[in-house]
Amino acid sequence: MSVPGAAATPASVAEAVAVQEELRSRVDLVGPGPAEPATVAGLDVAYAESGDLLAAAVTVLDTRTLAVLDQAVSVGRPAFGYVPGLFAFRELPALLAALDRLNTRPELLVCDGHGFAHPRRFGLACHLGVVTGLPAIGVGKTPLVGDWVPPAVERGAWSALRDGGEVVGRVLRTRAGVKPVFVSVGHRMSLENAAAQVLALTPRYRLPETTRTADRLCRDTLIAAQATAPPATG
DNA sequence: GCGACAG
DNA sequence: ATCTTGTCGC
């Protein structure tokens, strides 16, 4: 279930680290999670060049057709500075606001960023999973921690992402000959199932359809927000 | 001390 | 994340 207060924004880096250390014990790294979820949500955030405005989006897809069944957005300001490892605090409030506006309850969250593959084993996907109580997985475009070797060139090939003597994720090739993505468990999922779900969501492109639809929606929303609330000119 | 560093 | 020109390929 959800954890009260887990979405609060820390007042300092030290406090943020403490929050992660505390919440990491609430993560379910076993799952295994839904084998055939009917709906999956994608979450993403777009930032204005000025850095003081952002738009968050959540899209819910039908896993069978990959059609968008529901979607919601929220506009706001980054809640925390960008600090590698504390990235979740920056986007969490906006993403949760968007999730609250959904008319449906997705069976799985696919996050744009890492989950367990994190310095303290509590990346954005873990945080969102613990706060919402929903199964979640992290899909990063670039590595944050860990050592790995490139997986074979064919789609579906993978290699282990290892850090500090443990496997923290999987380097997965979602398209033949294209740069792989970094999959890790967020909450209530097994790594094996997480990788399977990501492959099911990438029939054509490198990134999951969930991430692609959410990315487009938050970008469009940001443009619209900037047009509606232009900066004061004088 | 130095380099690395999700989005 | 965002900026940013051309270029290769289906």
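Keep in mind that the numbers below use all heavy atoms, side chains included, and drop hydrogens, waters and symmetry copies. These figures come from a predicted structure and were not determined experimentally. Chain identifiers are assigned alphabetically (A, B, ...) following the order of the sequence lines, protein sequences preceding nucleic acid strands; residue numbering begins at 1 within each chain.
- For residues 118-170 of chain A, the set of pairs meeting the ring-ring contact (aromatic ring centres under 6.0 Å, His included) definition, not counting sequence neighbours, comprises Phe89(A)-His127(A), Phe122(A)-His127(A), Trp148(A)-Phe182(A).
- Although no hydrogens or angles enter the test, the distance criterion places a donor-acceptor pair under 3.5 Å between the side chain of Ser190(A) and the main chain of Asn193(A).
- A donor-acceptor contact shorter than 3.5 Å links the side chain of Glu107(A) to the backbone of Ala38(A).
- The stretch residues 34-44 of chain A participates, sequence neighbours left out, in no salt bridge (Lys or Arg N to Asp or Glu O under 4.0 Å) pair at all.
- In this structure a side-chain-to-backbone donor-acceptor pair under 3.5 Å is present from Arg173(A) to Pro151(A).
- Put simply, chain A comes within 4.0 Å of DNA chain B, heavy atom to any atom, from dC5(B) to dG7(B), going 5' to 3'.
- Contact annotation for Leu124(A): base contact, defined as any heavy-atom pair under 4.0 Å involving a base atom.
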Scoring nucleotides 5-10 of chain C by protein non-hydrogen atoms under 4.0 Å (B base, S sugar-phosphate only, - none) yields ------
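- Every residue two or more places apart in sequence or in another chain that forms a salt bridge (charged side-chain N to carboxylate O under 4.0 Å, His left out) with Asp215(A) is listed here: Arg219(A).
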Applying the Watson-Crick and G-U criteria (both distances under 3.5 angstrom) with [ ] for crossing and | for other-strand pairs, one obtains for DNA chain B .......
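- The side-chain hydrogen bond (donor to acceptor under 3.5 Å, both in side chains) contacts involving residues 74-86 of chain A comprise nothing, where partners must be two or more places apart or lie in separate chains.
- Screening residues 188-210 of chain A for salt bridge (Lys or Arg N to Asp or Glu O under 4.0 Å), with sequence neighbours left out, gives Arg170(A)-Glu192(A), Glu209(A)-Arg212(A).
- Note that CG of Leu217(A) and OG1 of Thr59(A) are 7.0 Å apart. Values are rounded to the nearest 0.5 Å.
- Under a 3.5 Å cut-off, the side chain of Thr211(A) and the backbone N or O of Leu207(A) do not form any donor-acceptor pair.
- Within 4.0 Å of Gly85(A), counting heavy atoms only, lies at least one base atom of the nucleic acid.
- Residue-level contact check: Pro119(A) touches neither bases nor backbone, having no heavy atom under 4.0 Å from any strand.
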Pairing string of DNA chain C (Watson-Crick or G-U wobble, both atom distances under 3.5 Å; | = paired to other strand) is ..........
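- Side-chain contact annotation: Thr174(A) with Thr202(A), donor-acceptor N/O pair under 3.5 Å absent.
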Stepwise side-chain contact (heavy atoms from CB on, under 4.5 Å) test for Thr39(A) and Thr63(A): CA-CA 5 Å; Thr39(A) 59; Thr63(A) 51; 5.8 Å; no
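- Within the structure, every pair that satisfies the salt bridge (Lys or Arg N to Asp or Glu O under 4.0 Å) test and touches residues 110-121 of chain A, not counting sequence neighbours, is listed here: Asp112(A)-Lys141(A), Arg121(A)-Asp163(A), Arg121(A)-Glu166(A).
- Listed by chain and number, the residues in a side-chain hydrogen bond (donor to acceptor under 3.5 Å, both in side chains) with Thr104(A) are Asp70(A) (sequence neighbours excluded).
- Side-chain atoms of Ser184(A) never come within 3.5 Å of backbone atoms of His114(A) as a donor-acceptor pair (strictly under, hydrogens ignored).
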Can you name the atoms? Protein N/O to nucleotides 2-4 of chain C N/O, anything below 3.5 Å, with the distance.
none

